[in-house]
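Notes follow once the structure below has been shown.
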Amino acid sequence: MSIVLVGDGALEQYICHHFANAWRQAGRSCLVVGPSMADHQPLPHRSCDLTINPKELLGNTVLENASAIGLFLRNPADIEAIAAGYRALRRSRGLWTAPIFSGPLMPLAGDELIDAFLRRLSCDLMIVSGDDQLRQLEAMTSLWPAELKKPRLIATGFWFPAIPPTPPSPKPMLVALLQREIPTHLGAKEQLIRLLQRWAREQTDWTVVLQPDHPWSSARSFAENQINNPPNVVDAAPEQMLGLLSRCTACLSVSSPWSLAAMMWGRIPIVVGDYGIQAEQHTTNFFGCGAMHRLRDLGGLHKLQELPLVNQGWLEAMGGGIQDGPLRLLISLDSLSSGNTAL
């Protein structure tokens, strides 16, 4: 029997491997399943144990010997469809059903958190990053009818290593995490890059790295005007994001979940506050972090080292205080498995 972990994106597969590595060290059998990844990736490439489109799982034998099933899929509707199909097939044969678990891959708050919960009601267990999300969900669902089936909740911490893979660079470096669709304002991302270029011209001892936090095309350049691009503004190479975040002096982002890695590793965080605390910018999730700044107030690269580190209490509540997440999850899955019977 194996724990089957299914992911259909780069971040989703990364967290699958994160759990699988920990559980294999504990002597458990795991199988990471998902499609192959196209384009350049920000994370180190690691192939799945079985390359298959998750929508084809129900016609495959991989789930027949699963002791638990983790579904980390970008579209929550796919989670519900696979869970319902799997249970219907097992029920038709009178067979035991493995517990199904899932969860959002970054700390959420308010409406986004409850939406993620509602989209995973078909799961037996939902993971969140930290105790703060547990408290929010418990408060939001405290008056729900007792007969309404809800997934069990567990906090498992962050999905990246607690210890940075490399020490910080002796030379000052800013990593700007570029998101695919954020900021949503027309031309805002281009305006941000132009500001970083100006800062780099003014402080040539700094290096500014433009790092997408998502897959990107090999033909794409992040700076729209390469001719006037300062030599100390560089595009990130594929699969280097974790190393850059561990070596950087400071990390700038609107709301990338990967900025949490820089915060956890003691680097100076800059959460761009120019677009407000809004759900569409995903900045509501960073309320209370103590690292949100307006760009015009920063004054340039030479001022970044004067900024404070993240609010440590906030970071721990978001998941930074949990170091045994995979073990917590494994214990919960084992308790669910022992309670399941043939349906």
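Predicted model, so just to flag it, every value in this text is computed and none were measured.
- Less than 6.0 angstrom separates the ring centroid of Tyr14 from the ring centroid of Trp258.
- Remark: Glu80 CD is loosely packed, at most 12 non-hydrogen atoms of other residues, nucleotides or ligands lying under 6.0 Å away.
- Here Asp274 does not pair with Arg294 in a salt bridge; the nearest charged N to carboxylate O distance is not below 4.0 Å.
- No more than 12 heavy atoms of other residues, nucleotides or ligands sit less than 6.0 Å from atom NZ of Lys171.
- Between Asp124 and Lys150 there is no salt bridge, since no side-chain nitrogen of the basic residue lies less than 4.0 Å from a carboxylate oxygen of the acidic one.
- Side-chain rings of Trp216 and His40 approach one another, their centers coming within less than 6.0 Å.
- Sorted by first and then second residue, the pairs that involve residues 95-121 and meet salt bridge (charged side-chain N to carboxylate O under 4.0 Å, His left out), not counting sequence neighbours, are Asp115-Arg119.
- No more than 12 heavy-atom neighbours from other residues, nucleotides or ligands sit within 6.0 angstrom of CD1 on Ile163.
- For the pair Pro183/Tyr275, a side-chain contact is recorded, criterion being any heavy-atom separation below 4.5 Å from C-beta on.
- A salt bridge is defined here as a Lys NZ or Arg NE, NH1 or NH2 lying under 4.0 Å from an Asp or Glu carboxylate O, and Arg198 with Glu202 meets this definition.
- Trp144 has its ring centre less than 6.0 Å from the ring centre of Phe117.
- In this structure, Glu316 contributes its side chain and Gly313 its backbone to no donor-acceptor pair below 3.5 Å.
- The backbone N or O of Leu73 lies less than 3.5 Å from no partner atom in the side chain of Asp78, so there is not a single donor-acceptor pair.
- The number of heavy-atom neighbours closer than 6.0 Å to CD of Glu181, taken from other residues, nucleotides and ligands shown, is 12 or below.
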